[in-house]
Amino acid sequence: MTATAARPSALDVEAIRADFPILSRTVRDGRKLVYLDSGATSQKPRQVLDAEREFYEQHNAAVHRGAHQLAEEATDLYEGARATVAAFIGAQFDEIVFTKNATEGINLVAYSLGNAATAGPEAARFAVGPGDEIVVTEMEHHANLLPWQQLCQRTGATLRWFGLTDDGRLDLSDVDSVITGRAKVVALTHQSNALGTINPLEVISARAHAVGALVVLDACQSVPHMPVDVMSTGADFVAFSGHKMLGPTGVGVLWGRRELLAAMPPFLTGGSMIEVVRMEGSTFAPPPMRFEAGVPNIAQAVGLGAAVDYLDAVGMEKVHAHERALTAYALDGLATVDGLRIIGPPTNEARGGAVSFTVDGIHPHDVGQVLDDLGVAVRVGHHCAWPVMRRYAVPATTRATFYLYNSTDDIDALVAGVEQAKRFFS
Amino acid sequence: MTATAARPSALDVEAIRADFPILSRTVRDGRKLVYLDSGATSQKPRQVLDAEREFYEQHNAAVHRGAHQLAEEATDLYEGARATVAAFIGAQFDEIVFTKNATEGINLVAYSLGNAATAGPEAARFAVGPGDEIVVTEMEHHANLLPWQQLCQRTGATLRWFGLTDDGRLDLSDVDSVITGRAKVVALTHQSNALGTINPLEVISARAHAVGALVVLDACQSVPHMPVDVMSTGADFVAFSGHKMLGPTGVGVLWGRRELLAAMPPFLTGGSMIEVVRMEGSTFAPPPMRFEAGVPNIAQAVGLGAAVDYLDAVGMEKVHAHERALTAYALDGLATVDGLRIIGPPTNEARGGAVSFTVDGIHPHDVGQVLDDLGVAVRVGHHCAWPVMRRYAVPATTRATFYLYNSTDDIDALVAGVEQAKRFFS
Amino acid sequence: MQMESLYQEIILDHYKHPHGRGLRDPFGAEVHHVNPTCGDEITLRVQLGGTDAEAKVEDVSYDGQGCSISQASASVLYELLVGKTVGEALAVSEEFRTLMQGRGKVEPDEDVLEDAVAFAGVAKYPARVKCALLSWMAFKDATAQAVGAETGGTP
Amino acid sequence: MQMESLYQEIILDHYKHPHGRGLRDPFGAEVHHVNPTCGDEITLRVQLGGTDAEAKVEDVSYDGQGCSISQASASVLYELLVGKTVGEALAVSEEFRTLMQGRGKVEPDEDVLEDAVAFAGVAKYPARVKCALLSWMAFKDATAQAVGAETGGTP
Ligand SMILES: Cc1ncc(COP(=O)(O)O)c(C=O)c1O
Ligand SMILES: Cc1ncc(COP(=O)(O)O)c(C=O)c1O
């Protein structure tokens, strides 16, 4: 471990940590909390909690509906959050759909395509049926796998996928035979939550677009951790969750290219997404409203806007650099542990701060338990990416994930904890 | 207005109001806020905001996933909220599905039925197709109309509906010919958000069950305002929203009979709702998990639990009595205004606290604007029940809705405001 | 009352005594627009004297239901645009749209907007901006259709 | 460390030296159970000496992957239940389930549970309760199937 690794970046981690109330609590027998589970969900700074609370205490009303002052203010705050999120990822305002989480965003696309077959001539180009193919990868989170399995089941389309190499990368040796002319959708993750791998998007989206397929990007683990400009990802749709990027639970984002959203049939239907409603049939509002049925997660969107402001103020470049340094430090540290195997790219090349590993002779659950006892919160299990576990012939892994509030001390605690688990179970 | 009407109930409205920070703010030119738009969304007491904040500051983690202490605590709080909600409506713990709002809950049922055709033999009994009928009413909120219109469009089933009488009731003169042996679903509202009507559920659910149809109840305007025991509604599914019952935005509830939920195919798919996942296909967890894909709206569910605790402490019987008294007082007060027409039941019989009206010669938008200027927040428009407006040949209505924090003073302000609008536009 | 900044005398006048109301023949295009939040509707017809920007707006006729703002706005539109060239009329429409969406921060140009400056106060009430714009959006749409239809019809 | 209340010496012993592990013939029923949160799996077989409550549990054999808690729990199950009658075995299972789901507030009955009392500490770790119960649920399921299969097979 070099001196630069020990001071990984220009981020003032102490100052940042002071914004996160939960980081000063203790767990178990009065242990300091070492939170290395941000890949599952991030902690929230005071600024986000304050924004939500202020919304409720001063401006709470149903948006888009009332003519009274509170409704105006609530609408402004909600739509303001949309503008904030749009700017953050280089999108247009009306290309941002608020969902409840990334899972809903991906399901939205899958169901909208599924609905296209019966939604009239304008939607026909989106229809999916027998003979069509949907392409995913073996490293997808269940959220970007099951909606496509289900779409295939409903429509008779066929699911195909990219396999993985031994060092945790997509096997791109034969892109053209996986993405064929029958592909309608190519859905993949930007960064694997289980392996840490960052995928090369250009080669895949180039091929996808060449055959006329839509590209759906799961950005759950990229947008929170690095600057992402949706227009340069080559994707047609990008989904991510607010709770993984300092925002509240209960809010996610789906970005879609304007001309696609404008032509796609709705998914959830109900209030606020309509143009004209008659008992005999209804027409729908333009996006983004078309895809936001019912009273939305207003306070949560406002909270997410505050989270984006927080990340913007810190600077996504800096967040990314900090995490890269932490990841390098962690890979180095874990390499010193005998019998520890990294599941995923072993080097810091094209990889983010999700480090999965196994320890010879100790089940990940037991490793996690010892770590928990020491105050170190990691995740154990299949990380909602069960096919990855099968691919690497492990029942599960222990996974540490990093964020802007983590320091090298946290990683030292992790490495020491793994050593302790080894002693305990030896 | 009688003396009893002026002191409508045993509720200590002043003490209750003190729990709602927003009620002490002013609007426009320093006017006291008179909030009569709880039918759109309710305000939130400090207790709910505190519960959410405490969750984030002390226990925030992804539920059902981690082996660390925060994850345990978060899971306990989330599942505790489920138990609280279940007890509140007389349901079993595992019959409660958290959704993002009531709209999602109703869409869940509609999509799950739509998926049944391709979901294997166990689900076949739920399948909907050509020749089948879905029955709704002409007073449904768009949230309980469009999902069924769309299900019909996707599957070839036929939509039928109960019409309305001139005084705002369901026309039940010919129940058996509306709900025929072809009916698969009967979806209706417990209380109309546009008319205030409380529907007689027994006659409809008896007929529905006699022909083997499922009953879906939209309880958005009943569960927040009166004691509701789901088992005695005769419904098979009941949906409502947290934000209308003192809870946060971004959370709703779908209750379903256990044996139905257990046999129905999933709707949203992704993490946490699975049993086994393989690239080739997946199996699903039992309910309620089967219907909660992805990281859920954890803090919002916890907040809703706190809202239920708040309502329980006040007592739903008392809340209901208070609102009935306010409604009587409002109907009396509005009757004194010349040219004012109530849209909906004119008496306080089988009706809740949503009072819609028009004023001769003044568009509802203009009535609402004058009221807003006086600090009185009401809703104007079609209230997401456009067919109701057509039925009564009005472009829109002005609607006042009441909750436990409203007093007769608020209604006096409403009546005075309507008089002022008349003067202004005369 | 702040409300007087919204309900200017001119607006109330136009509301109570609308100009040009009622559907008339002949017309080059007819459109039907709806405000989905409140259910307000307008049917609007335009009759142009040709198909280029120099063509005259010969008539705008309309009917529908709506609040004072949307009704008055249609009446002012009729007064302002009939007799102008298509190019001028669309320029005025654009100016009006900018004013309405300016959240009260755009200075209205009285030379261009004439009576329509009375709507400046509406811009501060976001929920009402759509009311004010309903007829103007319908006009823009109808004009595009009328120009398109006549151009398309030319052999 | 609080953890020692979880990882009792007995548990670690059973984990390192599992009893009865490996799938054996003959068997009346075989089941496969999975813990969906962590992917742990068990295949478990039972061989009964008859179909009523008085019948003996002649063998329980199992294989699978899992953490120390789930592995040790299967081993203890083997020790405890083989040789008991079906009725007794199910009663012990029920007692164990009650202990596990008691959140650390149920006093274990050492006479009934013997070595399985060592799992009392697991009840305080909700995420691990499923690990401890995996083999017991599989046993209950397999036994029901074995009884059902044999009963169904009787003419
Ligand atoms: C009767 C009724 N049904 C359904 C809804 C939809 O609720 P939500 O928008 O919270 O999904 C509402 C409220 O908007 C309602 O009043
Ligand atoms: C890569 C990836 N995709 C999708 C998801 C699903 O996100 P959510 O559960 O917030 O919908 C997650 C996180 O759980 C993830 O890490």
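This one's a predicted model, so the numbers in the text were calculated from it and none came from an experiment. Order of the sequence lines sets the chain letters (A, B, ...), proteins ahead of strands, with each chain counted from 1.
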Other residues, nucleotides, ligands: >12 heavy atoms within 6.0 Å of B/E317 CD: no
Interface residues of residues 263-291 of chain B facing chain D - heavy atom cut-off under 4.5 Å: B/I274, B/E275, B/V276
Nearest-0.5 Å distance, NE2 of residue B/H68 to OH of residue D/Y125: 14.0 Å
D/E110 atom CD: more than 12 heavy-atom contacts under 6.0 Å: no
Approximate separation, where rounding is to 0.5 Å, of B/E72 CD and D/K124 NZ: 11.5 Å
B/Q58 atom CD, neighbour heavy-atom count above 12 within 6.0 Å: yes
